[in-house]
Amino acid sequence: MELIYAICVGTLSGAGIYLMLRAQTFPVILGLTLQSYAVNLFLFASGRLSINSATIIGQSGQYADPLPQALVLTAIVIGFAMTAFVLILAMRARADLGNDHVDGEQLHQHKKAKKIVKDRHP
Amino acid sequence: MISHLPILPIIIPLLGGIFMLLPGFNHSPMRLRISALTISLTLLVASIALAWYVHTHGAQTYALGNWQSPFGINLYIDRLAALLSVLTAFILICSQVYGCAGEDKQGQYYHPLLMFQVMGIQGAFLTGDIFNLFVFFEVLLIASYALLIHGGGKQKTLANVHYVILNLAGSAFFLFALGILYGTFGTLNMADMQAKTAHLQADNIILAQSGALLLLVVFGLKSAMLPLHFWLPKAYSAAPASVAALFSIMTKVGIYSLWRVHNGVFGDQAGELANIATPWILPFALLTILAGIIAALSSQSLRILTANLVIISVGSLLLMVAINSPEATTAGLYYLLHSTIATAAMFLLAGVIIKLRGKAEDRFVSSRPVNQAALLGLLFFLCAVSLIGMPPLSGFIGKALMLKSALSSEYLLFIWPAILLASLAAMIVLSRAGSTIFWRTKGDKTSSATVHCLELSSIVLLLAGIIGLVVFANSISAFCQLAAENLLAVHDQTSNRFLSVYMEQRHG
């Protein structure tokens, strides 16, 4: 179980970091989302993985640590809020800057290139 | 009432911010301004009362919801936290007074957002729980995201995209680090962690080490340490002046966390984990100063220049974190107070200059002469003198204390040149900036714009703070010294009482 779990977390965060390094805002946001999934799973595992154990003492032979679940819940709520904000911001940036490049430059250069082509081949 | 004093600096801005969102405030800027200033004055009074109480009665632990530590979340207020809480309230008032001159009408929810941001900053200073620190970081960040684009515009949107994405990635790393630390320590209470560092099992040490160094990355991002500082000049120079002034305390939240976690939890008492971050912080601090100097020398406008001076001051503070002796922490704390106030004043002044110079804004180009040049020039001169670190203002005392504390360090030969070169560079760029803006003029005055009296009074208030730091230098540095000693001692006796019970339960 530990191995599968670790592979899942690793794959998610690897894919997340790969997408975060892209130059368009949408893949970056997807990357951040994947990264937050990885974080949530990771936090959950920090209380050790166990099966069939309740978080209340006396309900089952072994009890699970309740704190990581509370931490994950907090992290999920904060992650949702942040993702919502960054999505709106990305749309705003698309509107303000005219493109979805994270540096807001690509279309500008694209326009320039178009203009040069136009000037040369009227 | 007095027993609930520790939570007041968090509760007041929270309730105040919510209060100002009520419908009655929608169309009445005057009502908003008056209540905002009332709330922040109350906050300042509460912070000062808390600092006084902590100073006379010793460090306070406040158990939230009366859940005892280390099981519940607690606030832990020693002199260091209380002092920074007072500083935050002071900077808030100055930013707000400046904002009331018209900046608050450029967009919506300016005053409530300032309150929420200050709530996050105060919480980060006062909390004694490392996960709670994360939560307050997020509170201050989400308010700062909104404040950064206050008023709108392409520059702000672009700077904000970088700022938000970087900080979201930083938050993910923060959570990874917390997961690792909880997995190894079994607790998130900082005092409890501090007590346990020396008794970790051998196979957990390497994990705790990686968690601690991940935290260094996170705090390095917040405080703008070298490879992670590229967001700062753009974000600070794009933000509205009053917001930039408030932001000048945000890098200090990162420095404070480094003090708490890397000099406190993983400090000298930590056995094999003792001072694990120091070998990393020192070279990066030196490189941060170097990068700040180069960037400052090539700055094209006053706001970008001030932002680069922030980077230099962060580098100097990181050096003090790396030396990690009581003297260095004292010096760093005094310099932190000074540099926060001085950079805030410079950001506000840059805002005024932009308003008065019209098209030339704050760029270093010749322009028409500005109105009230003598007054602005005097204010600029005072700010510049204190930022450079020349006598008689507070920058000099701060830098002298830092240089003195480095005498005992083995890296003296690196630290002295770095701090002195930074002063030299600041002197060169600030004198160039001042002479270009105020003296290289051509043509006649055309604009009739003048300094608003509220803008003027906010800058004068900050400068009064700088002068206060000089006049009361002795008692303030004595307070800083006590704060530094608090920090480096094992800092929470109450949690040790519960520690034995807790360990029994966990292993029994």
Side-chain angles (χ1 to χ4, degrees), chain A residues 9 12-13 16-17 20-22 25 28-29 31-49 57 63 65-68 70-72 74-79 81-98 100-105 108, chain B residues 70-73 120 129-132 134-139 141-146 148-149 152-189 207 211 214 230-231 234 505-506 508:
Chain A
V9 174
L12 275 173
S13 56
I17 287 176
M20 267 197 273
L21 297 175
R22 307 265 86 194
T25 44
V28 170
I29 293 169
L32 286 169
T33 317
L34 286 185
Q35 186 78 348
S36 73
Y37 291 155
V39 160
N40 292 341
L41 285 176
F42 185 84
L43 274 182
F44 192 70
S46 67
R48 306 292 183 272
L49 297 172
I57 299 175
Y63 64 93
D65 193 342
L67 192 67
L71 300 186
V72 171
T74 316
I76 289 174
V77 173
I78 292 176
M82 293 296 173
T83 311
F85 184 87
V86 76
L87 267 174
I88 296 296
L89 180 68
M91 282 158 67
R92 173 75 179 268
R94 172 73 184 75
D96 275 6
L97 309 169
D100 68 342
H101 192 272
V102 283
D103 287 331
E105 281 163 352
H108 186 59
Chain B
F71 304 106
I73 294 170
D129 182 284
I130 201 163
F131 194 83
N132 205 224
F134 163 76
V135 174
F136 278 121
F137 263 42
E138 295 304 306
V139 172
L141 282 174
I142 200 158
S144 75
Y145 299 157
L148 186 53
I149 42 173
K154 278 186 186 177
Q155 275 305 317
K156 288 177 188 163
T157 314
L158 186 56
N160 206 18
V161 169
H162 292 181
Y163 178 68
V164 172
I165 290 173
L166 263 176
N167 274 306
L168 284 183
S171 304
F173 283 114
F174 203 158
L175 283 172
F176 274 125
L178 292 184
I180 294 172
L181 290 179
Y182 182 71
T184 48
F185 284 88
T187 178
L188 290 163
N189 183 308
L207 273 176
L214 258 180
F230 293 101
W231 58 272
K234 228 177 201 172
Q505 278 205 349
R506 203 169 163 78

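Chain letters run A, B, ... following the sequence lines, proteins first and then strands; every chain starts at 1.
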Heavy-atom contact with chain B under 4.5 Å, split by part of [X]:
{"X": "A:Ser36", "result": "neither"}
{"X": "A:Ile78", "result": "side chain"}
{"X": "A:Ala38", "result": "both"}

| Should the pair B:Tyr163 and B:Trp231 be assigned to parallel (<30°), tilted (30 to 60°) or perpendicular (>60°) ring geometry? | tilted
| field | Contact check, side chains of A:Met82 and B:Tyr145, non-hydrogen atoms, under 4.5 Å | value | yes
| task | State, yes or no, whether a side-chain contact exists between A:Phe42 and A:Val39 at a heavy-atom distance under 4.5 Å. | result |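 No - every pair of side-chain heavy atoms lies 4.5 Å or more apart.
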How long is the gap from [atom1] on [X] to [atom2] on [Y], to the nearest 0.5 Å?
{"X": "A:Gln35", "Y": "B:Leu175", "atom1": "CD", "atom2": "CG", "value": "10.0 Å"}
{"X": "A:Ile76", "Y": "A:Tyr37", "atom1": "CD1", "atom2": "OH", "value": "9.5 Å"}
{"X": "A:Ser46", "Y": "B:Leu181", "atom1": "OG", "atom2": "CG", "value": "10.0 Å"}
{"X": "A:Thr33", "Y": "A:Leu12", "atom1": "OG1", "atom2": "CG", "value": "11.0 Å"}
{"X": "B:Asp129", "Y": "B:Ile73", "atom1": "CG", "atom2": "CD1", "value": "5.0 Å"}

| In terms of heavy-atom proximity below 4.5 Å to chain A, should B:Val164 be classed as side chain, backbone, both, or neither? | side chain
| field | B:Leu188 portion near chain A, given a 4.5 angstrom heavy-atom threshold | value |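 It is the side chain, since no backbone atom gets that close.
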| When heavy-atom pairs shorter than 4.5 Å are enumerated against chain B, which of A:Val9, A:Asp96, A:Thr83, A:Ile29 gives the highest number? | A:Asp96
| said: Taking the ring centre of each residue, are B:Phe131 and B:Phe134 less than 6.0 Å apart? | reply: yes
| task | Could you please state which residues from residues 167-174 of chain B sit under 4.5 angstrom from chain A, measuring non-hydrogen atom to non-hydrogen atom, sorted by number, or 'none'? | result |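 Near chain A, by residue number: B:Leu168, B:Ala169, B:Ala172.
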